[in-house]
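Just the heavy atoms: all of them, side chains too, but no hydrogens, waters or symmetry mates, feed the values below. Proteins come first, then strands; the chains are lettered A, B, ... in the order of their sequence lines, and each starts at number 1.
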Protein chains: 2
Amino acid sequence: MTAIDLTLATPACRGCPIRHRAVCATCEPSELSRLEGMKSYRSWSAGQTIVMEGAELDFAASIVTGCATLTRSMEDGRVQMVGLLMPSDFIGRPGRAQAPYEVVAATDVTLCMFDRLGFERLLAETPHLSTRLLEMSLDEIDAAREWMLLLGRKTAREKVATLLSIILRRAATGKTPLRAELPITREAMASYLGLTIETVSRQMTLLRKDGVISMAGARTVLCDDLAALMAEAGDDADGDVIS
Amino acid sequence: MTAIDLTLATPACRGCPIRHRAVCATCEPSELSRLEGMKSYRSWSAGQTIVMEGAELDFAASIVTGCATLTRSMEDGRVQMVGLLMPSDFIGRPGRAQAPYEVVAATDVTLCMFDRLGFERLLAETPHLSTRLLEMSLDEIDAAREWMLLLGRKTAREKVATLLSIILRRAATGKTPLRAELPITREAMASYLGLTIETVSRQMTLLRKDGVISMAGARTVLCDDLAALMAEAGDDADGDVIS
DNA sequence: TGTCCGCCTTGATGCATGTCAACCGAAGTG
DNA sequence: CACTTCGGTTGACATGCATCAAGGCGGACA
């Protein structure tokens, strides 16, 4: 199970609300129509499990709307989120039918789904498609490793600042103050950051009191100075990640 | 920069000490000879930097002997290891010339290197090669995510037990007691586990006093009961990972 | 042989974060 | 309207790990 950005700026795959940059940008018409023929849509409401940990996985899919999470859990109930999927991200694992993580709808979610075997067949017959998927999964590895730095070495404050800055940059409209609706609960944030909900809540309160962010209700973050927030995040470079 | 297992059981690429399972197993003779023509060898001694963080990366390579580490660091000096490369693991990132991590020789290391552009050209012309690399990088993603669970949720004792069980299983000869030379210092272990050297040392002492492992000197671990060690690791399933 | 220098271990102490518990406000429901 | 539920906040307290500091062991080297 991987989260891969399939976003496409070109209208190559016009009939589909997902923008398959990677897949479609270099596709020939015949390939496009095969993709078209394979796809179908399905929706889940917030909180529902899309794929259970260890279950059979007979499709590949892109997220059309909403937000889903990948989690790995331990016997005693401890849970770690290992991926946060946003629109245009990819679910599925060519070459393997089993899901190593649980996939849960964080908000209401609609997926554009492809039959797994058909997708794999297309993959095998379309070299640039697997090349592009390779590039994307390499990005995914980088993102996971960036996250390992966060989990292993960052303080709670830095962790929360990192997540908020990522969400704010994703939602960036350009005009200040930057404003974003948090797509996930405190629990999901804590799960992603390797913290407890209480710690997340406290750190958000502190960041607010220190004037780094402000909030409109519990789920909307505002930020006048993204640079200040990113400084709190402790990132040396740009720091992209997530997905 | 990714760590990808290129191990090969078949003698397809006979001239090369690295066993390129992935690449060679399905290669045709002409492709094999092109790979042969591109390769060269180079060695580093323990502690030397192979690639600096952010530096140009003009090659792809497999580890022939020794052990190298991938690390990501923060401005203030905090360091997190994000990959541990063992013989047959892969270094390099088709499609991008920049190294997002530092690569350091943990022990003396010999690499079998390929010119990056030549490797990429071969990749583009050899569909099954990129397909196989895709599979391998998906495994890599799974490993990174397994490691995220460790970093985010496991206790110090579980972390150390996890790492030791991985190293012991890698080195497994079948006969008990299992015995393995630790290829990395306490510092590297701490870096990988998101701990300090003192904590690693203490936890190893505790595991020893509790009879879960025993040691011959500071760098050789022995284990009679791998199942017990894995129970300490807190892994629900098999737990593979690393690299 | 003695000295130095990594690497490792052990101890004392402090702090960041987890844990447990109470409470708040909003939304749903009878 | 009362009641419940759920997500979030805040407080008091506990603890696991980091930090700071000292010392041990073995190998390199004069």
Side-chain angles (χ1 to χ4, degrees), chain A residues 45-48 67 69 74 76-80 104 106-108 150-161 163-164 181-209 213-221 232 234, chain B residues 45-48 74 76-80 104 106-108 150-164 181-210 213-221 232 234:
Chain A
S45 50
Q48 281 189 303
C67 175
T69 64
M74 295 174 68
D76 61 7
R78 280 174 284 177
V79 174
Q80 176 65 45
V104 176
T107 62
D108 293 351
L150 175 141
L151 290 171
R153 298 297 171 191
K154 287 190 178 179
T155 65
R157 185 184 178 100
E158 290 169 334
K159 286 178 175 180
V160 171
L163 182 56
L164 292 180
E181 185 85 0
L182 297 179
I184 53 176
T185 63
R186 295 288 182 277
E187 186 180 1
M189 292 178 64
S191 170
Y192 208 174
L193 298 172
L195 298 171
T196 60
I197 42 178
E198 294 94 329
T199 299
V200 171
S201 181
R202 275 187 258 268
Q203 295 301 332
M204 291 191 63
T205 302
L206 288 176
L207 285 172
R208 188 156 39 78
K209 285 184 175 163
I213 58 167
S214 53
M215 305 219 46
R219 293 293 274 271
T220 303
V221 207
E232 294 286 352
Chain B
S45 51
Q48 283 192 303
M74 295 175 68
D76 61 7
R78 279 175 283 177
V79 174
Q80 175 65 46
V104 176
T107 62
D108 292 351
L150 176 142
L151 291 171
R153 298 295 170 192
K154 286 190 178 178
T155 65
R157 185 183 177 99
E158 289 169 336
K159 286 178 174 180
V160 171
T162 302
L163 182 55
L164 292 181
E181 186 85 358
L182 297 178
I184 53 176
T185 64
R186 296 289 182 275
E187 186 179 3
M189 291 179 65
S191 170
Y192 206 175
L193 298 172
L195 298 171
T196 59
I197 43 177
E198 294 94 331
T199 299
V200 171
S201 180
R202 274 187 258 268
Q203 294 302 331
M204 290 189 64
T205 302
L206 289 175
L207 285 172
R208 188 157 37 79
K209 285 185 176 162
D210 293 347
I213 58 168
S214 53
M215 305 219 45
R219 293 293 274 272
T220 302
V221 209
E232 294 287 351

Terminal axes of the helix from C/dT1-D/dA30 to C/dG30-D/dC1 (5 end pairs apiece), angle rounded to 10 degrees, sit apart by 20°

To the nearest angstrom, how far is [X] atom [atom1] from [N] atom [atom2]?
X        : N      : atom1 : atom2 : value
A/Met189 : D/dG8  : CE    : C1'   : 12 Å
B/Glu158 : D/dC17 : CD    : P     : 9 Å
A/Lys159 : C/dT17 : NZ    : P     : 8 Å
A/Leu207 : D/dT9  : CG    : C1'   : 15 Å
B/Leu206 : C/dC8  : CG    : P     : 17 Å
B/Lys154 : D/dG16 : NZ    : P     : 18 Å
A/Arg157 : C/dC15 : CZ    : C1'   : 16 Å
A/Gln203 : D/dT10 : CD    : P     : 12 Å

Kindly say if [X] contacts the phosphate of [N], meaning a side-chain N or O under 4.0 Å from OP1 or OP2.
X        : N      : answer
A/Arg186 : D/dT9  : yes
B/Thr199 : D/dA18 : yes
B/Thr155 : D/dG16 : no

Heavy-atom closest pair, residues [X] and [Y]:
X        : Y        : value
B/Leu151 : B/Lys159 : O-NZ, 3.8 Å
A/Gln80  : B/Gly152 : OE1-CA, 3.4 Å
A/Thr185 : A/Arg219 : N-NH2, 3.7 Å
A/Pro183 : A/Ala106 : O-CB, 4.4 Å

Given [options], the nucleotide with the shortest approach to the side chain of [X]:
X        : options               : result
A/Ala218 : D/dG8, C/dT17, D/dC17 : D/dG8
A/Arg219 : D/dG7, C/dT10, D/dC17 : D/dG7
A/Thr185 : C/dT10, C/dT17, D/dG7 : D/dG7
A/Arg202 : D/dG8, D/dG11, C/dT10 : D/dG11

Tell me if a side-chain donor or acceptor on A/Arg153 pairs with a main-chain N or O of B/Arg78 at a distance below 3.5 Å. no

From A/Ile184 CD1 over to A/Thr69 OG1, what is the distance, rounded to the nearest 0.5 angstrom? 8.5 Å

Look at all strands and tell whether A/Gly47 reaches a base, only sugar-phosphate, or nothing, counting heavy atoms closer than 4.0 Å. nothing

When all nucleic acid strands are considered with a 4.0 Å heavy-atom cut-off, which category describes A/Leu195: base, sugar-phosphate, or nothing? sugar-phosphate

Want to settle it: does A/Arg153 or A/Ile197 sit nearer the 5' end of DNA chain D, counting the closest nucleotide to each? A/Ile197

Is it the case that atom CD in B/Glu181 sees more than 12 heavy atoms from other parts of the structure closer than 6.0 Å? yes

Between A/Thr196 and B/Ser201, name the one whose nearest nucleotide on DNA chain C is closer to the 5' end. B/Ser201

Can you find a heavy atom in the side chain of A/Asp108 that is under 4.5 Å from one in the side chain of A/Gln48? no

Pair of N/O donor and acceptor under 3.5 Å linking D/dC17 base with B/Glu198 side chain: no

